[in-house]
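These notes concern the structure reproduced below.
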Amino acid sequence: SGDRTSIKATDSPWYIGSVENSNRLFDGKIDEVRIWNNVRTPDEILDNYLAELTGSETNLVGYWKFNGTLLDETANGNDVVLTGNGSPVFDSVIATTTQETTIEPIQSSAASTESITQSSIDLEADLRQSLIIETANQTNLIMLSAFTIEAWINMESDLGFYEERTIVHRGRNGGAY
């Protein structure tokens, strides 16, 4: 959760792993990016931070598992597109740790034998990679009141003390988080 109470730039794309037109590129693994249209309490975050969600949770307006796809798992369809060079790389070592870790899927009421392939997306700053949700595809991502952004990250490059890297950004003065 952040200090901001809204995202000002309602006509701008969302970025994951960079700031629009900037060299502030994230280098590392990102997983389980979630955007909620309310302020999540610490208890709410703790209750499901190690769980894969279904995408249909109340107030969840964007959710990217990065389990081999760039799809938004909510019904809003805010799929991301990789920018920069190269193809998306999904790594079985997810962003929560430097080892393989299991994130527990929420069990549906129907019996399922389908296995879940858990992974993170691995963004490479030297390839200028980031993810973008184009403005035309932003269903329910215009935040005019309080919101929460959650994500697992694992930085791969050693940054200097004053260097910063952005995880999520709303372009054109929307704010970096």
Side-chain angles (χ1 to χ4, degrees), residues 1-2 4 7 13-19 25-84 87-108 112 114-125 129-133 137-141 143 146-157 164-170 174-177:
S1 297
R4 297 179 187 259
I7 295 179
W14 281 85
Y15 292 86
I16 299 174
S18 73
V19 172
L25 297 163
F26 180 83
D27 186 25
K29 296 174 181 66
I30 299 179
D31 197 21
E32 292 289 317
V33 176
R34 305 165 182 183
I35 300 177
W36 304 83
N37 66 3
N38 68 333
V39 174
R40 308 275 292 160
T41 67
D43 285 340
E44 288 174 318
I45 293 169
L46 283 172
D47 284 346
N48 64 24
Y49 82 103
L50 284 178
E52 278 192 338
L53 306 179
T54 64
S56 62
E57 290 75 10
T58 302
N59 297 315
L60 184 65
V61 294
Y63 177 40
W64 300 269
K65 293 181 186 181
F66 299 124
N67 286 348
T69 76
L70 300 174
L71 302 178
D72 176 7
E73 300 292 332
T74 72
N76 294 323
N78 295 304
D79 301 340
V80 296
V81 175
L82 181 73
T83 64
S87 299
V89 173
F90 298 96
D91 193 326
S92 63
V93 177
I94 62 176
T96 60
T97 177
T98 56
Q99 304 173 24
E100 288 195 35
T101 299
T102 300
I103 292 181
E104 297 297 326
I106 291 179
Q107 299 299 317
S108 66
S112 174
E114 180 181 336
S115 64
I116 295 176
T117 304
Q118 297 167 339
S119 62
S120 297
I121 189 158
D122 192 353
L123 298 177
E124 299 296 336
Q129 291 180 335
S130 67
L131 303 167
I132 186 172
I133 306 166
N137 300 331
Q138 295 180 16
T139 304
N140 292 327
L141 287 179
M143 302 295 170
F147 62 95
T148 304
I149 298 173
E150 302 172 356
W152 281 105
I153 64 165
N154 187 337
M155 298 180 69
E156 293 176 345
S157 59
E164 62 181 57
R165 295 294 184 256
T166 300
I167 309 305
V168 178
H169 179 261
R170 182 70 186 266
Y177 307 92

[X] to [Y] - nearest heavy-atom pair and separation:
X: V39; Y: T148; answer: CA-OG1, 3.2 Å
X: W14; Y: I149; answer: CZ3-CD1, 4.2 Å
X: A125; Y: L25; answer: O-CD1, 3.6 Å
X: R40; Y: I45; answer: CB-CG1, 3.8 Å
X: V61; Y: T74; answer: O-OG1, 3.6 Å
X: S120; Y: K29; answer: CB-CB, 3.9 Å

State, without any angle test, whether E57 and N48 hold a side-chain donor-acceptor pair at a distance under 3.5 Å.
no

Under 3.5 Å, is there a donor-acceptor pair linking the side chains of D43 and T41?
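Distance-only check fails for D43 and T41.
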
Excluding sequence neighbours, so at least two apart, what forms side chain to side chain donor-acceptor pair (under 3.5 Å) with T69?
none

Contacts of type side chain to side chain contact (heavy atoms under 4.5 Å, CB included), residue N59, not counting sequence neighbours
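For N59, the residues satisfying side chain to side chain contact (heavy atoms under 4.5 Å, CB included) (neighbours in sequence not counted) are W36, N37, N38.
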
Sidechain-backbone polar pair: W152 side chain, Y49 backbone, donor-acceptor under 3.5 Å
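Yes; judged by distance alone, with no hydrogens or angles, the pair exists.
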
Donor-acceptor contact present, side-chain T83 to main-chain S130, <3.5 Å
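Between the backbone of S130 and the side chain of T83 there is a qualifying donor-acceptor contact (under 3.5 Å).
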
Pairwise distance [atom1]([X]) to [atom2]([Y]) - rounded to 0.5 angstrom:
X: N154; Y: I30; atom1: CG; atom2: CD1; answer: 10.5 Å
X: I35; Y: D72; atom1: CD1; atom2: CG; answer: 8.5 Å
X: E73; Y: S56; atom1: CD; atom2: OG; answer: 11.0 Å

With sequence neighbours excluded, what pairs up with E124 under the salt bridge (charged side-chain N to carboxylate O under 4.0 Å, His left out) test?
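E124 satisfies salt bridge (charged side-chain N to carboxylate O under 4.0 Å, His left out) with no residue once adjacent residues are dropped.
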
The test is side chain to side chain contact (heavy atoms under 4.5 Å, CB included); show your working for E52 and N67 and say whether it passes.
CA-CA 10 Å; E52 278 192 338; N67 286 348; 2.5 Å; yes

Applying the side-chain contact (heavy atoms from CB on, under 4.5 Å) criterion to L131, which one of F26, W64, F66 satisfies it?
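Going through F26, W64, F66 one by one, the side-chain contact (heavy atoms from CB on, under 4.5 Å) with L131 is satisfied by F66 alone.
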
Steps toward side chain to side chain contact (heavy atoms under 4.5 Å, CB included) verdict (L60, R34)
CA-CA 7 Å; L60 184 65; R34 305 165 182 183; 4.0 Å; yes

